[in-house]
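Since the structure comes first, as structure tokens, the remarks are kept for the end.
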Amino acid sequence: MPFCFHKCHYCDFYSVADDPARDPARQVSFARALEAELRQRGAELDLKPRTIFIGGGTPTYLRPDLWHRLLEVMDGLKLLEQVEEFTVEANPETLTAGILEELVSGGANRISMGAQSFDPRHLKTLERWHEPASVARAVALARRHGIDNINLDLIFAIPGQTLADWDRDLDQALALEPEHLSCYGLTYEPHTPLAQRLQRGQVERCSEDLERAMYERVMGRLATAGFEHYEVSNWGRKRVQSPRNCCPRNDVGPPKSRPGNGEASRNGASPDEARYSGGDEDSPLRCRHNLIYWHNGNWLGLGPGAASHALGWRWKNEPHLGRYVEALQRGAEPPVIEVEHLPTPERLGEQL
């Protein structure tokens, strides 16, 4: 979902600053195009997803009535019947009771909240527009609506940030008792405003020694707090007890219209996918959806800029809202770029 009310200076994901009051038709035309793409893929492919992840942009910036319609379409296409984890990314300022009512009634059971920092100075450096207090408000609101699986995103090594600042951010994040934390060292992606400010000398990069110390600090503190460090930047809280259906599944049905290699085509999953079991009954609260990416499973992306992978094939919808909407309005498929099929040696290297 490509819409944001403001573009953060570190972000290189495709997004469009949007003001629904000035152009109310833009979100409507996007939602209709996404509905058309959902129907196209539902008709072409035997979609039986185990996980759904709606990212952005800012998904919670989409109007509640448009969310209602899209979730109805997904339900009508029977896309939700086998879903175990349904994540929606959220900005603390745009997660409202109205949005949550639509999400929860439509099957969402996990929220990924962009906190980034609880220090107004560092949020300003990132050009991240939310009040620190809004994170706790949004987490509490999600809990009241029945969401019992919440991730918080944090960023460290922000220009001007100290180790003591980072400790305070971790204190406030842990006080909210999230089930999952994603903690990323700041990267200066090419062509982003933050990278341009770095080149102009307007901000100063943290030293490698300080960034290393911050990473070591989060590893130590989250281990003590009962989290498992299961991926470079991701920690899942260890379970108190062993609930049913805790194991992530990696058997998303591949698109039948895409070619694949012999063994993958015969068995419906690559040898690497078949070998991955997802953990035991006492596994922590990992993000099941992201495990599919990290284990080279099969996924289908929808919307402008969304990437897909199935049976060694990769492709990406063009990151252009206007051309995406125009193609689907006339009944065509969305424009696709960056199609590739990795030969076996490259796939093995990538797996390593």
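Note that the numbering runs from 1 along the sequence shown for the chain. What you see below is based on every heavy atom in this structure, not just the backbone, and it leaves out hydrogens, waters and symmetry mates. Computed from a prediction, not measured in an experiment: that's the story for all the values here.
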Is the centre of the [X] ring less than 6.0 Å from the centre of the [Y] ring?
| X | Y | answer |
| --- | --- | --- |
| Phe5 | Tyr61 | yes |
| Trp299 | Tyr293 | yes |
| Phe156 | His122 | no |

| Given the rule in the salt bridge (Lys or Arg N to Asp or Glu O under 4.0 Å) test, do Arg221 and Asp171 qualify, once you have shown the distances and angles that lead to the verdict? | CA-CA 10 Å; Arg221 290 201 58 184; Asp171 287 341; 2.6 Å; yes
| message | If hydrophobic clusters are built by linking Ile, Leu, Val, Met, Phe, Trp and Tyr wherever their side-chain heavy atoms come under 4.5 Å apart, do Leu194 and Leu198 end up in the same one? | response | yes
Polar side-chain atom of [X] near backbone of [Y] as donor-acceptor pair, under 3.5 Å:
| X | Y | answer |
| --- | --- | --- |
| Gln40 | Ala36 | no |
| Arg128 | Gly114 | yes |
| Ser112 | Val88 | no |
| Trp313 | His341 | no |
| Tyr188 | Arg197 | no |
| Thr125 | Arg121 | yes |
| Ser105 | Glu101 | yes |
| Glu231 | Ser233 | yes |

| remark: Paired with Phe3, the side chain to side chain contact (heavy atoms under 4.5 Å, CB included) test is passed by just one of Leu62, Asp19, Thr60, namely Leu62
| note | Per side-chain hydrogen bond (donor to acceptor under 3.5 Å, both in side chains), Glu228 is matched among Arg286, Arg239, Arg237 by Arg286
| query | Glu85 and His289: side-chain donor and acceptor closer than 3.5 Å? | reply | no
| task | Examine the side chains of Glu179 and Asn151 and answer whether a donor and an acceptor come within less than 3.5 Å of each other. | result | no
| For the student: nearest non-hydrogen atoms of Gly106 and Phe86, plus distance | O-CE1, 4.1 Å
When you look at [atom1] of [X], are more than 12 heavy atoms from neighbouring residues, nucleotides or ligands closer to it than 6.0 Å?
| X | atom1 | result |
| --- | --- | --- |
| Arg200 | CZ | yes |
| Gln202 | CD | yes |
| Trp129 | CH2 | no |
| Glu177 | CD | no |
| Glu72 | CD | yes |

| task | Starting from the C-alpha separation in whole Å, work towards a yes-or-no answer on side-chain contact (heavy atoms from CB on, under 4.5 Å) for Tyr215 and Val232. | result | CA-CA 10 Å; Tyr215 189 47; Val232 174; 3.8 Å; yes
Between [X] and [Y], does any side-chain N to carboxylate O distance fall below 4.0 Å?
| X | Y | result |
| --- | --- | --- |
| Glu35 | Arg32 | no |
| Glu350 | Arg314 | yes |
| Asp167 | Arg217 | yes |

| task | Might you work through the side-chain contact (heavy atoms from CB on, under 4.5 Å) test for Leu100 and Leu141, ending with a clear yes or no? | result | CA-CA 8 Å; Leu100 278 163; Leu141 189 64; 3.6 Å; yes
| request: Evaluate the criterion side-chain hydrogen bond (donor to acceptor under 3.5 Å, both in side chains) for residue pair Ser117 and Asp169; output intermediate values, then yes/no. | output: CA-CA 6 Å; Ser117 176; Asp169 276 350; 3.0 Å; yes
| said: Over 60° means perpendicular and under 30° means parallel, so tell me whether Phe30 and Tyr324 are parallel, tilted or perpendicular. | reply: tilted
